[in-house]
Each structure stands twice: as C-alpha cells, then as structure tokens.
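Below: the structure, in structure tokens.
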Amino acid sequence: MPAYQHLVDQAIKYGIANGGTEEEQVANTMDKLFVSFGLEILKKVPGRVSTEVDARLSFDKEEMVARALKLIALYEEAGISKDRVLIKLSSTWEGIQAGKELEEKHGVHCNMTLLFSFAQAVACAEAKVTLISPFVGRILDWHKENTDRKSFEPHEDPGVISVTKIYNYYKKFGYSTVVMGASFRNTGEVKALAGCDLLTISPGLLAELSQDHSAITAMLTVEKSKACDLEKIHLDEKAFRWEHNEDRMAVEKLSDGIRKFAADAIKLEAMIKEKMLSVKNGQ
C-alpha cells in the first residue's frame with residue numbers, strides 16, 4: 001500500500017546500513033519493518049501490540065529468544081517500553097520454552113499463537129506466559145473439512161468447546177496466563193465465549209455485533225470454572241508431545257499454520273530483496 005511505502009524504504013535503509021551478508025541485511029530489514037508497523041499501531045491503540053517472531057524459527061528455542069530480544073531492543077530504541085509489546089511465538093514445545101525464558105529472565109511478555117490443543121494450553125500455563133491466543137474458527141474449519149458435520153450451533157462448536165475448557169482449567173487452578181480467543185467465523189462463536197479474558201474480533205464481526213441488540217450473558221465466569229470437574233495435570237516434554245500428538249486436528253492445524261506463516265515470510269523476503277537490489281543499484 002502506497003501509504004506505508006515510507007516504512008518499507010526506512011526499513012531497507014536500516015537493513016543496508018547495518019551491513020552483514022545479504023541474509024542478515026534482509027533479516028534486519030524485516031525486524032525493523034515489523035517494529036515500524038507496531039509503532040504505527042501503538043499510535044492508535046492505548047494498549048499493547050503483538051509482534052511476531054519468524055515462524056521458520058518455530059523449532060529453535062534459542063533463535064526465537066534472540067529474535068524476540070532484538071525486536072524488543074528496536075521498540076525500546078523508538079521509546080516504547082517492553083510492557084506495551086507482546087512477542088508472538090508459535091505454540092510448539094520449543095516456542096513455549098522460549099516464552100518461559102523470555103518471561104522469567106527478561107520480563108518480556110509473550111503471546112502464544114497457533115494454539116489448538118489442550119496440551120498446548122496446559123504447557124503455556126505452566127510456562128507462565130502472559131497470554132495465549134487459541135484459534136476458535138480454525139478448529140471449526142478443520143471439523144467441517146474432516147467430519148460429516150457441516151454446521152454447528154455455537155454451544156457445540158468445537159472451537160468454542162476448546163476455549164471454554166482452557167478458560168475453565170486456567171481459572172479453576174489459578175493460572176495467571178490470560179486467554180484471548182481468536183479467529184472467529186461468526187458472531188455466535190463470539191457470544192458463546194462472552195466473559196473470556198479477552199477476544200480479538202475482526203472489523204466485520206464487530207460491525208455485525210454493533211447491530212445486534214440482544215442481551216449478552218457471560219458464558220464464561222470464574223465462579224463456573226471453580227465448579228468444573230477438571231483434573232490438574234503436569235506436562236513435561238515427553239508428555240506434552242504425546243498428548244498433543246493424540247489430537248489430530250491440533251497437529252494438522254499447528255503444522256499448517258507454521259507453513260502458511262513461513263510462506264508469507266518468504267514472500268515478504270523476496271519483495272524486500274528485490275527492493276533492496278534496486279536501492280543498491282540506485283546508489
């Protein structure tokens with residue numbers, strides 16, 4: 001978009017100025033670009049912005065930590081405190097451990113994304129990350145594609161059921177991690193999760209909800225959670241991998257999500273390389 005071209009130009013100048021191999025210049029440009037967009041969003045919102053670590057690092061804990069700290073440093077250089085930034089990481093075992101280290105050792109808040117299984121949610125709570133973003137709509141999509149059911153009422157929507165269980169588990173056992181339901185396909189899903197800590201809702205669905213004047217009841221409450229029949233579990237790496245592996249939907253959606261995020265990163269890299277080349281040639 002022409003309106004943001006100056007951000008791309010600035011990021012490319014930064015990447016070239018910081019030198020190194022072409023690969024390093026491109027990586028520096030991308031990090032700068034992500035932070036530049038984050039800064040634009042922070043001019044408009046009073047709270048926090050999420051900035052994502054490259055999905056291709058999803059199985060490399062050390063690299064995720066290093067990249068996250070680099071992003072935080074760029075924000076701090078621009079005068080933004082780390083308290084206004086959530087570092088977004090894939091909810092792989094390595095991603096969750098990266099989140100644990102960032103929170104514990106560096107006071108960096110993390111938003112765990114691509115979360116589809118109960119095992120992922122439990123591991124995130126045990127890692128004491130700030131926030132998880134379980135994907136409601138993508139769970140529904142999978143069930144529509146892989147089962148005979150093509151439609152679900154909100155209360156029987158598999159994505160809604162998943163997030164409800166996670167919320168209840170967190171509240172029953174007093175975990176501090178915040179549940180932010182994400183990726184909604186319809187307003188029924190949103191209303192079925194009313195009362196959740198946070199929800200991230202698309203402009204289209206917000207517009208629909210603004211026209212809906214029916215009474216909304218809090219479906220999720222701490223009181224209801226305390227009364228739930230749930231057992232506390234602990235997951236080390238082996239148990240996590242086994243439990244997550246037992247959920248075919250979660251395995252497929254996590255790997256599919258990482259592939260799609262990685263494909264976007266590769267596409268962006270190619271655009272940056274092309275633009276970088278023309279800038280260098282112009283010099």
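The shown structure was predicted, so the numbers you read here are calculated from the model rather than taken from an experiment. Heavy-atom basis, side chains included; hydrogens, waters and symmetry copies ignored.
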| Are R56 and E63 close enough for a salt bridge, meaning some N to O gap below 4.0 Å? | no
| query | Is there a donor-acceptor pair under 3.5 Å between the side chain of S162 and the backbone N or O of P158? | reply | no
| query | Is there a chain of hydrophobic side chains (I, L, V, M, F, W, Y, each step under 4.5 Å between heavy atoms) that links F152 to M249? | reply | no
| said: I need the I12 CD1 to M30 CE distance, nearest 0.5 Å. | reply: 11.5 Å
| message | Holding to side chain to side chain contact (heavy atoms under 4.5 Å, CB included), I want the full list of residues that pass it with D264, two or more places apart in sequence or in another chain. | response | none
| field | From I96 atom CD1 to E237 atom CD, the distance as rounded to the nearest 0.5 Å | value | 10.5 Å
| task | Given side chain to side chain donor-acceptor pair (under 3.5 Å), test Q25 with K273 step by step and report yes or no. | result | CA-CA 9 Å; Q25 288 180 22; K273 278 180 185 171; over 6 Å; no
| Salt bridge between E223 and K171, side-chain N to carboxylate O under 4.0 Å? | no
| said: Check this for me: does any side-chain nitrogen of one of D236 and K238 sit under 4.0 Å from a carboxylate oxygen of the other? | reply: no
| Do the side chains of F118 and E243 get nearer than 4.5 Å, heavy atoms only? | no
| request: Would you give the length of the straight line joining atom OG1 of T200 to atom CG of N111, rounded to the nearest 0.5 angstrom? | output: 9.0 Å
| request: Taking H6 for its side chain and A3 for its backbone only, find out whether a donor-acceptor pair lies under 3.5 Å. | output: yes
| note | ring-ring contact (aromatic ring centres under 6.0 Å, His included) pairs touching residues 199-241, sequence neighbours excluded, are W93-F240, F240-H244
Residues 68-76 side chain polar contacts: donor-acceptor under 3.5 Å, at least two apart:
{"from": "K70", "atom 1": "NZ", "to": "N28", "atom 2": "OD1", "distance (Å)": "2.6"}
{"from": "K70", "atom 1": "NZ", "to": "D31", "atom 2": "OD2", "distance (Å)": "2.9"}
{"from": "Y75", "atom 1": "OH", "to": "T51", "atom 2": "OG1", "distance (Å)": "2.6"}

| So do K13 and V279 actually touch side chain to side chain, heavy atoms under 4.5 Å? | no
| task | Salt-bridge test for R138 and D256: reply yes if a basic N is under 4.0 Å from a carboxylate O, no otherwise. | result | no
| Check: Q120 side chain, S117 main-chain N or O, donor-acceptor pair, under 3.5 Å | yes
| message | For a quick test of reading the model, state the closest non-hydrogen atom pair linking S90 to L114 and the distance between them. | response | OG-CD1, 4.0 Å
| query | Any chain of hydrophobic side-chain contacts (each under 4.5 Å) joining L89 to V65? | reply | yes
| request: Would you please name every residue forming a ring pair (Phe, Tyr, Trp, His ring centres under 6.0 Å) with Y167, sequence neighbours left out? | output: none
| query | Given E52 and F34, is the side chain to side chain contact (heavy atoms under 4.5 Å, CB included) satisfied, shown in steps? | reply | CA-CA 8 Å; E52 195 161 309; F34 293 160; over 6 Å; no
| field | Smallest separation among heavy atoms of L7 and S36, with atom names | value | CD2-CB, 4.1 Å
| task | Provide the closest heavy-atom pair for S210 versus A207 in the form atom of the first, atom of the second, distance. | result | OG-O, 2.6 Å
| request: Would you confirm whether R84, through its side chain, and G47, through its main-chain N or O, come within 3.5 Å as a donor-acceptor pair? | output: yes
| M276 vs V26 side-chain heavy atoms within contact, under 4.5 Å | yes
| task | Evaluate the side chain to side chain contact (heavy atoms under 4.5 Å, CB included) criterion for residues L220 and L193: first the C-alpha distance (whole Å), next the side-chain angles of each, then the deciding distance (0.1 Å), finally the verdict. | result | CA-CA 6 Å; L220 307 185; L193 290 172; 3.9 Å; yes
| Are R259 and F261 in a cation-pi setup, meaning NZ or CZ lies under 6.0 angstrom from the ring centre and within 45 degrees of the ring axis? | no
| Counterpart residues, side chain to side chain contact (heavy atoms under 4.5 Å, CB included), relative to E94 (two or more places apart) | F59, K61, M64, T92, R241
| Minimum heavy-atom distance between G20 and E24, given as atom pair plus value | CA-OE1, 3.1 Å
| query | Looking at I166 and P134, what are the two nearest heavy atoms and their distance? | reply | CD1-CB, 4.3 Å
| With hydrophobic residues grouped by side-chain heavy-atom distances under 4.5 Å, do M112 and I139 end up in a single group? | no
| message | Pair F135, K253 - check side chain to side chain contact (heavy atoms under 4.5 Å, CB included), show working. | response | CA-CA 10 Å; F135 279 173; K253 292 308 287 181; over 6 Å; no
| query | Could you walk me through whether E156 and R149 pass the salt bridge (Lys or Arg N to Asp or Glu O under 4.0 Å) check? | reply | CA-CA 11 Å; E156 53 179 11; R149 290 283 301 269; 2.8 Å; yes
| field | Residue K128 excluded, over 12 heavy atoms near NZ under 6.0 Å | value | no
| Pair K275-D9, salt bridge (Lys or Arg N to Asp or Glu O under 4.0 Å): steps then yes or no | CA-CA 9 Å; K275 188 108 176 118; D9 295 339; 3.6 Å; yes
| said: So, using ring pair (Phe, Tyr, Trp, His ring centres under 6.0 Å) as the criterion, who are the partners of F184 when residues are at least two apart? | reply: none
| field | Inter-residue atom distance L115.CG - C124.SG, 0.5 Å rounding | value | 5.0 Å
| query | Given side chains that start at C-beta, do those of L140 and E189 come closer than 4.5 Å, heavy atoms only? | reply | yes
| side chain to side chain contact (heavy atoms under 4.5 Å, CB included) evaluation trace for Y4 with V8 | CA-CA 7 Å; Y4 301 110; V8 179; 5.7 Å; no
| task | For atom NZ of K150, decide whether the heavy atoms of other residues, nucleotides or ligands shown that lie under 6.0 angstrom number more than 12. | result | yes
| field | Spacing of CZ belonging to F116 relative to CG belonging to L254, to within rounding of 0.5 Å | value | 7.0 Å
| query | Are I161 and V179 in one and the same hydrophobic cluster, where Ile, Leu, Val, Met, Phe, Trp and Tyr link if side-chain heavy atoms are under 4.5 Å apart? | reply | no
| message | If hydrophobic clusters are built from ILVMFWY residues whose side chains come within less than 4.5 Å, do I80 and Y14 share one? | response | yes
| field | Test log, rule side chain to side chain donor-acceptor pair (under 3.5 Å), inputs S225 and N168 | value | CA-CA 4 Å; S225 302; N168 287 336; 2.8 Å; yes
| Is there side-chain contact between D212 and K191, with at least one heavy-atom pair below 4.5 Å? | yes
| Does K88 use its side chain to pair, donor to acceptor, with the backbone of C110 at less than 3.5 Å? | no
| field | Residue pair H109 / V85, side-chain heavy-atom distance below 4.5 Å | value | no
| said: Just to verify, which of L199, I132, L131 counts as forming a side chain to side chain contact (heavy atoms under 4.5 Å, CB included) with M180? | reply: L131
| request: Calculate, to the nearest 0.5 Å, the distance between atoms CG and CG belonging to D54 and L268 respectively. | output: 9.5 Å
| query | Heavy-atom distance under 4.5 Å between the side chains of T177 and T130, does that happen here? | reply | no
| said: Apply side chain to side chain donor-acceptor pair (under 3.5 Å) to residues R248 and N146 and explain how you reach the verdict. | reply: CA-CA 10 Å; R248 184 185 144 210; N146 292 278; 3.1 Å; yes
| said: Can you confirm whether more than 12 heavy atoms, excluding those of E23, are under 6.0 Å from its CD atom? | reply: no
